[in-house]
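Here is the naming used below: chain letters follow the sequence lines, and residue numbers restart at 1 for every chain.
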There are 2 protein chains.
Amino acid sequence: MATLKEVAKLAKVDSSVVSRVVNNDPALNIKPETRKRILDAVEELKYRPNMSARNLKKGQSKMLGMIIPDFSNPVYSLIIHGAEDQAAQEGFNLLVYSLKQKGLEKSYSPLLDGQIEGLLIANSEIDNKEILELKKTKKPFMLVNRTVAGVDNYVVANDLLGAKLATKHLIKQGHHRIAHISGPLFTATGLSRFQGYREGLQEDNIDYIPVYVQESKYTVENGYESMEILLDLPDPPTAVFASNIMICLGAMKAIQDRGLTIPKDMSIIGVHDVFFTSTLQPPLTTVKMPLYEMGREAVKKLIAIIQGKEGETGQGVTIDGASLIVRSSTSPPPSK
Amino acid sequence: MATLKEVAKLAKVDSSVVSRVVNNDPALNIKPETRKRILDAVEELKYRPNMSARNLKKGQSKMLGMIIPDFSNPVYSLIIHGAEDQAAQEGFNLLVYSLKQKGLEKSYSPLLDGQIEGLLIANSEIDNKEILELKKTKKPFMLVNRTVAGVDNYVVANDLLGAKLATKHLIKQGHHRIAHISGPLFTATGLSRFQGYREGLQEDNIDYIPVYVQESKYTVENGYESMEILLDLPDPPTAVFASNIMICLGAMKAIQDRGLTIPKDMSIIGVHDVFFTSTLQPPLTTVKMPLYEMGREAVKKLIAIIQGKEGETGQGVTIDGASLIVRSSTSPPPSK
DNA sequence: TATCAAAAGACAAACGTTTGTCTATAATGA
DNA sequence: TCATTATAGACAAACGTTTGTCTTTTGATA
């Protein structure tokens, strides 16, 4: 690897000049002919700046961390994708940690170490307390797809709108007995989607039946169990709105395992449109959330914070763009 | 952030001693009491080494790159997961690049820059030529789940065995007309699985019918199309072995879109057991490949190469551990 | 022609480590 | 007691940049 000094020698100038040329220092006065000599030398030696040296000198690392619960969750794949794109565009590297076996403590230690300059937290399993603790350190971080009371640096989607879209779609199909398998009701996503469901019902004057709401973790297994409870009800629903694609997957299976047909016997709609939703049997009607955009926006804001462009944290951002994708898992209820 | 110098001052020693203590230099002679003083100072100031400085000094970066085709492909999620675990364990960071919008050229430039010390290539879409080009640079890299003629540093699974397992399972169920939707036959995985299929048939004296083999890209769409061709055959198969989970997803859909029932009318089995296979309708019989282990092993070998423990590249590794997971998408053929 | 300002670069210190060498003190043996 | 050898730690250079300042050269003006 060629160094600045070697380039300087070849171009017969001081290495400081090379540095300024390479970095396009606007305050530099230089003859065009000298600049050309330098650029030629850079080219010839295939000079590339040593990042460790630069980072050391500038006290930066150009690395961002991101915590997700699990690599194989397709919801997070999309967020990561957006985050990575934006990071690359701004010259940052993204280090993704799956929380599966590490614990936040260990995951954010690189932040405290200064190994990374900021952290994206896209994980609802992390305790609020830990996050408030993190806030005290004044290190830049950003919540993605979740919130914590007292923390303003978050990026979320318009979950309320998305849920309302789903609920109203079912109502429009003629359903009155609409169940909701919610996410954990201590999370922002779970709560907002629940609220959207409630508002959707309300606006169309559909009775809210508490027993039709089952709280569930965002897993296939929990979705399955919750759906079983709903199916065991004396007066079961004719449609169900699942708060998340994992839950939805489990719920579908529970319905089908009972020998019921979707959508003939039961309509189902879920939040998050991922790569296999159209391939399911039947193809799933979903609400598509702007996950990719969320990832991008979160990184954008995080970098702004790091660079001090946003005060200490900036304001919470809600990304619009929830949209209904109608496929074949919803239909009018069976006529009595 | 506290520096070595500050710790040294507090402990009233030279910073070089602190460095050696922190790094457990075995050649260091030091009084226990001095060591304690240093350790206490480290603790008090919460000293953490500055990685940029260390990396600069040691001429390393402790970063690995990994190229995948797409973040939402669950097959790669598992490989990434294994790779990340192993990297973390050995003190390396893993930078994952999705090739979607970047092109290898751009992706491996950090390797050439010295920004990363080694590269994992888990992407069959990259041209062999580019890889041979990369080989010439003598920079450490490792192929994961693919091979290139003339390149010995690869880690693959036992695809042949996996395919044979799948094929024999179908034969054992009583099938004779067994189709195979293969992956691209210029890739190692595609070819090995095809070979496993052939050997499986051969060992049980089942005729090989060329038209029963459809070559397909590893996508849902291509799987769908290939299955349609098979279904349009004058004498269609009673079972199909899909070379990959994406293909399998597409094929299932094609079968069901024709109003056929799995497995009554058509049995199907696919390679790769991912999180949603058990949730599909019907739950899918699969061959589980050791993807996580592949990721781990690849990183392990890559680091060995980087650290010069393996000659220049080491030898190709095949990871065993393919296993059949029987669910409900396979059954004996319809009796005539 | 002397003066001054601007232009073009050189100089040097600093970022925080690591590590080879050197020195001073303490312990050992004869 | 003196020489010798461990022991304990100090010293200093180096890794490759960046950036504030200083010097020299050039050109313009009076």
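- Among residues two or more places apart in sequence or in another chain, the side-chain hydrogen bond (donor to acceptor under 3.5 Å, both in side chains) test is passed with A:Asn123 by none.
- Considering only residues two or more places apart in sequence or on other chains, A:Asp25 meets the side-chain hydrogen bond (donor to acceptor under 3.5 Å, both in side chains) condition with none of them.
- The stretch residues 3-12 of chain A comes close to DNA chain C through A:Lys12, each having a heavy atom under 4.0 Å from the strand.
- A heavy-atom distance below 4.5 Å is found between the side chains of A:Met294 and A:Val144.
- Taking every heavy atom of residues 23-37 of chain B and every atom of DNA chain D, pairs under 4.0 Å involve B:Asn29, B:Ile30, B:Lys31, B:Thr34, by number.
- With sequence neighbours excluded, the residues satisfying side chain to side chain contact (heavy atoms under 4.5 Å, CB included) with B:Lys300 are B:Gln86, B:Glu90, B:Glu297.
- Once you apply a 4.0 Å limit to the heavy atoms of chain A, the touched nucleotides of DNA chain D run 5' to 3' over D:dG16 to D:dT21.
- Every residue two or more places apart in sequence or in another chain that forms a salt bridge (charged side-chain N to carboxylate O under 4.0 Å, His left out) with B:Lys136 is listed here: B:Glu133.
- Residue B:Asn50 is in sugar-phosphate contact alone, with no base atom involved, counting any heavy-atom pair closer than 4.0 Å across all strands shown.
- Within the helix from C:dT1-D:dA30 to C:dA30-D:dT1, the inter-axis angle between the opening and closing five-pair segments is 50°, rounded to 10°.
- Counting all heavy atoms, side chain and backbone alike, B:Leu119 lies closest to B:Leu302 at N-CD2, 3.7 Å.
- Under the rule for a side chain to side chain contact (heavy atoms under 4.5 Å, CB included), the partners of A:Tyr76 that lie at least two apart in sequence or sit in another chain are A:Ile68, A:Pro69, A:Asn73, A:Ile79, A:Ala122.
- Remark: A:Asn145 engages no residue in a side-chain hydrogen bond (donor to acceptor under 3.5 Å, both in side chains) (not counting sequence neighbours).
- Not counting sequence neighbours, the partners of A:Asp40 by the salt bridge (charged side-chain N to carboxylate O under 4.0 Å, His left out) test are A:Lys36.
- Pairing each heavy atom of B:Val155 with each of B:Ala298, the nearest pair is CG2-CA, 3.8 Å.
- Residues satisfying the side-chain hydrogen bond (donor to acceptor under 3.5 Å, both in side chains) criterion with A:Asn93, sequence neighbours excluded, are absent altogether.
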